[in-house]
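Every chain is numbered from 1 and lettered A, B, ... according to where its sequence line falls, protein lines coming before strand lines. A quick note: this is a predicted structure, and the numbers were derived from the prediction, not measured.
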Amino acid sequence: AQKVTQAQTEISVVEKEDVTLDCVYETRDTTYYLFWYKQPPSGELVFLIRRNSFDEQNEISGRYSWNFQKSTSSFNFTITASQVVDSAVYFCALSEWETSGSRLTFGEGTQLTVNP
Amino acid sequence: EPEVTQTPSHQVTQMGQEVILRCVPISNHLYFYWYRQILGQKVEFLVSFYNNEISEKSEIFDDQFSVERPDGSNFTLKIRSTKLEDSAMYFCASSEGIGPSTDTQYFGPGTRLTVL
């Protein structure tokens, strides 16, 4: 079974629109960590955020915000007022300490295209 | 800002040949990782390494793969006899530790391996 599901394969928006990328995870661990990484067309993986399972506070960083809800096993990512430079593949990832140590399990990724 | 570096950026090899992919993790980091990403697919964990030995490995990391920290700065992934299906982007990552707030993995720019 998929441990991290990013159901949206591709999303296309027009600049300045808000966009939310969905991430649903599955784990039996009580202690786990969730991450978002950005992969721009140049190919590198850029860390965006880390959240632990005990901290359900939402976080905002500039135009980026994250909504972590344990009740629905979701960790969604919203970009406000999107820009062309936001075009990238975005990966959600899970680290389950009790069952699989420090390895990251990635979702399939969501390709975001922001058109001018 | 410190970053993970990888060389070469692109490696082309013939099937059956050995390749060594090189990484220089962030200098004060103690945990090192290799992941791979087949074109258009998600990022997959291969192996983690700490204190000069493998901590975890995935089912992908079979006997044809090996890792080494030959000196105080480099971390290498060797593929002994490459197959066509080894063609992928290989990412090195490092983290300061494995505890809260130190387990974020920072990725290098990747090495694209093409097996002909």
Residue [X] excluded, over 12 heavy atoms near [atom1] under 6.0 Å:
X: Leu116(B); atom1: CG; answer: yes
X: Lys57(B); atom1: NZ; answer: no
X: Asp71(B); atom1: CG; answer: yes
X: Glu85(B); atom1: CD; answer: yes
X: Ile60(A); atom1: CD1; answer: no
X: Lys70(A); atom1: NZ; answer: yes

Task: Over all atoms of both residues, closest heavy-atom pair of Gln41(B) and Phe91(A) - done: O-CZ, 4.3 Å
Task: Heavy-atom closest contact (Phe45(B) atom, Leu104(A) atom, distance) - done: CB-O, 4.0 Å
TODO: Compare all side-chain heavy atoms of Tyr33(B) with those of Ser102(A) and state whether any distance is below 4.5 angstrom.
DONE: yes
Open item on the list: With a 4.5 Å cut-off on side-chain heavy atoms, are Asp103(B) and Arg50(A) touching?
Closed with: yes
Can you tell me which portion of [X] sits under 4.5 Å from chain A's heavy atoms? Options are side chain, backbone, both or neither.
X: Gln37(B); answer: side chain
X: Ser55(B); answer: neither
X: Tyr35(B); answer: side chain

Task: Tyr33(A) OH to Gln105(B) CD distance, which is reported to the nearest 0.5 Å - done: 12.5 Å
TODO: Identify whether Phe49(B) and Ile60(B) are in the same connected component of the hydrophobic contact network (ILVMFWY, side-chain heavy atoms under 4.5 Å).
DONE: yes
Task: Atom group of Gln39(A) that falls short of 4.5 Å from chain B, counting heavy atoms - done: side chain
